Asks: 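One structure follows; several queries about it will come next.
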Amino acid sequence: MKVERTDEELLLLFKEGSRDAFEELFARHHRRVINFCFRMTGDQARAEEAAQEIFLRIARAAFTYQPTAKFTTWLYQIARRTTLNFLRDDEDGFDKIFLPVGEENDDGTMAVPLPGPATLEPERMAWSAQVRDRLLAALQAIPESYRSPLLLCAAEGLSYEEAAAVLGVTVQTVKSRVFRARRMLLAQLKEEPG
Amino acid sequence: MKTCGEISEALSAFVDGEATREEIEAVEGHLLYCGACRAREREMQKARALLAGLEAAVPDDFRDRVFERLEAQDLLPKRRSLAVLSLRWLALPAAAAAAVAFFVWSAKDGSLRFTRLTAPFVQVARGPATAAPAAGKPRGTEAATPSVWSSDGAGLPGSGAGESRGPSEAGRQVLAQYAGRGGGAVTPAAGLSAEEREIVALLEVFENPQVFEEPSEVDELEIFADGQKERG
């Protein structure tokens, strides 16, 4: 009976010269990597380019890998740093970012009322290219420091603790940034398309 | 009772399954009476599902492109070619297995008959006039002689197209000769043909199993080296 090796074991085998181990790691994670790059960059071509670069970096950096770190944590650290080079955000993009949805005025009233329940009904939205484009555009409007934790937790399925390890911040920071990123995203999605 | 603003961050963690026990209690209590926050929670869940469903296309040649770059930069160990798995290496255990099968198959009373058969072979083989090939030596190291395994004199055990091979006519004659003699000694002057010496060599495996267990001159692991030192 074939025993499935863990990612960490495979990487260690690769360090020792096993090509098959790297093939297996690639097979397991290439889809995850390219999806993360796509969500981060919003562009298919950039995503493919970034994903290729990530696997090159994994191969180069394998000899530095210590089995104390979870492989996916290490993988996402490399992926995030790599995609930063491919992002098309510019500093002026902050002007496009969210309205302070949900924040309270000093008198306790909401600065901008949270939208009601009828404004976002994804079930009624066909998963069309338009929806996809809107979602990608909304993500790109969020600063990377908020976009990364949101994607790692909500899209990639990492725990707050794992995301904190990837990002090199505390769990509370992840929690706070995910919350704020989520608000920005919902606000972007609820804006009427221009 | 907490306000919607106070509960909002906890609600976000709640949607991610990351809320603490206290936060869960606070959120669930708030959601019981706040429809707006219940709607907000649904929106967050749906947005989360949308994000998870946002996937890139993976081109068919993506793997090839990645591995091409990896190889161009010498970041991957070379793949060991299966072509080096030569018949010569396969013949060694195949010949031994065939020898075992043959002598078990041919002996009605394997143990006794085998003793009678082996003794004269070994006795003669160890004589000065003969030089039996060492057990385990791959076949083909001697000059071409009719094989005891195939009637057409060609091939190695197992090298045919899957057909069962028994002893050749020559081999049967040799065995019959010594079996008929009931284990009597063979005079050195009779000598042994190359074919007979081959049978003796195979029999020596049973006469002295340690012979087969001794390190072979062929290092099987070396065979897999393709001439280049592997990375790592």
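Residue numbers start from 1 in every chain, and the chains themselves are labelled A, B, ... in the order their sequence lines are given, proteins ahead of strands. Quick caveat, the model's predicted, so the values are computed rather than measured.
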Asks: Determine, for B:R65 against A:E48, whether the closest basic-nitrogen to carboxylate-oxygen distance falls under 4.0 angstrom.
Replies: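 Answer for the salt bridge query: yes.
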
Asks: So which heavy atom on B:L50 is nearest to which on A:L135, and how close?
Replies: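 Looking at all heavy atoms of both residues, the closest pair is O-CD2, 3.6 Å.
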
Asks: Which of residues 15-22 of chain B get closer than 4.5 angstrom to chain A, counting heavy atoms alone?
Replies: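 So the qualifying residues are B:V15, B:D16, B:E18.
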
Asks: Contact part of B:E71 toward chain A, heavy-atom cut-off under 4.5 Å: side chain, backbone, both or neither?
Replies: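 Answer is side chain: those atoms of B:E71 sit under 4.5 Å from chain A.
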
Asks: Which one wins on heavy-atom pair count under 4.5 Å against chain B: A:F36, A:F22, A:F55?
Replies: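 Of A:F36, A:F22, A:F55, A:F22 has the most heavy-atom pairs under 4.5 Å with chain B.
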
Asks: Counting distance only, does the side-chain N/O of A:R39 pair as donor-acceptor with the main-chain N or O of B:L54 below 3.5 Å?
Replies: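 A pair under 3.5 Å: yes.
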
Asks: Does a side-chain heavy-atom distance below 4.5 Å link B:V66 with A:L56?
Replies: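 Result no, sub-4.5 Å side-chain heavy-atom pair not found.
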
Asks: Which one, A:Q44, A:E53, A:R31, leads in non-hydrogen pairs under 4.5 Å with chain B?
Replies: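 Between A:Q44, A:E53, A:R31, the count favours A:Q44.
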
Asks: Name, in order of residue number, those residues of residues 150-162 of chain A that have a heavy atom at a distance of less than 4.5 Å from a heavy atom in chain B; otherwise write 'none'.
Replies: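 So the qualifying residues are A:L150, A:L151, A:C153, A:A154, A:A155, A:S159, A:Y160.
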
Asks: Where do A:F179 and B:L11 land on the side chain to side chain contact (heavy atoms under 4.5 Å, CB included) test, with the steps shown first?
Replies: CA-CA 9 Å; A:F179 164 61; B:L11 181 61; over 6 Å; no

Asks: Heavy-atom count around B:D64 CG within 6.0 Å, excluding the residue itself: above 12?
Replies: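 More than 12 heavy atoms, drawn from other residues, nucleotides or ligands, come within 6.0 Å of this atom.
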
Asks: How many angstroms lie between atom CZ of B:R48 and atom CG of A:L185, to the nearest 0.5 angstrom?
Replies: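 Output value for this atom pair is 13.0 Å.
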
Asks: Determine whether a donor-acceptor pair (N or O, by modelled atom type, separation under 3.5 Å) exists between the side chain of A:R60 and the backbone of B:L75.
Replies: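 No, A:R60 side chain to B:L75 backbone: no donor-acceptor pair under 3.5 Å.
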
Asks: Which answer fits B:E9, side chain, backbone, both or neither, if we ask what part of it has an atom under 4.5 Å from a heavy atom of chain A?
Replies: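 Both the backbone and the side chain of B:E9 come within 4.5 Å of chain A.
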
Asks: When you look at A:K175 and B:E23, which way does the salt bridge (charged side-chain N to carboxylate O under 4.0 Å, His left out) test go after all the steps?
Replies: CA-CA 13 Å; A:K175 186 176 181 179; B:E23 286 173 334; 2.3 Å; yes

Asks: Should we say atom CD of B:E68 is surrounded by more than 12 heavy atoms from elsewhere, each under 6.0 Å from it?
Replies: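 Open: at most 12 neighbouring heavy atoms sit under 6.0 Å from CD of B:E68.
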
Asks: Which atoms of B:R38 are under 4.5 Å from chain A, going by heavy atoms: the side chain, the backbone, both sets, or neither?
Replies: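 Neither the backbone nor the side chain of B:R38 comes within 4.5 Å of chain A.
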
Asks: Looking only at atom types and distance, does a side-chain atom of A:R132 sit under 3.5 Å from a main-chain N or O of B:E55, one as donor and one as acceptor?
Replies: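 Yes: the side chain of A:R132 pairs with the backbone of B:E55.
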
Asks: Looking at A:V174, A:V171, A:N35, which one has more heavy-atom pairs under 4.5 Å with chain B than the rest?
Replies: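 Answer, by heavy-atom pair count under 4.5 Å with chain B: A:N35.
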
Asks: Can you tell me how far apart OG (B:S12) and CZ (A:R177) are? Round to the nearest 0.5 Å.
Replies: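 Between B:S12 OG and A:R177 CZ, I get 14.0 Å after rounding to 0.5 Å.
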
Asks: So what's closer than 4.5 Å to chain B heavy atoms on A:A51: side chain, backbone, both or neither?
Replies: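 A:A51 touches chain B through backbone and side-chain heavy atoms alike.
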
Asks: Decide if the gap between the ring center of B:F67 and the ring center of A:F26 is smaller than 6.0 angstrom.
Replies: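 Aromatic pair counts; centres sit under 6.0 Å.
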
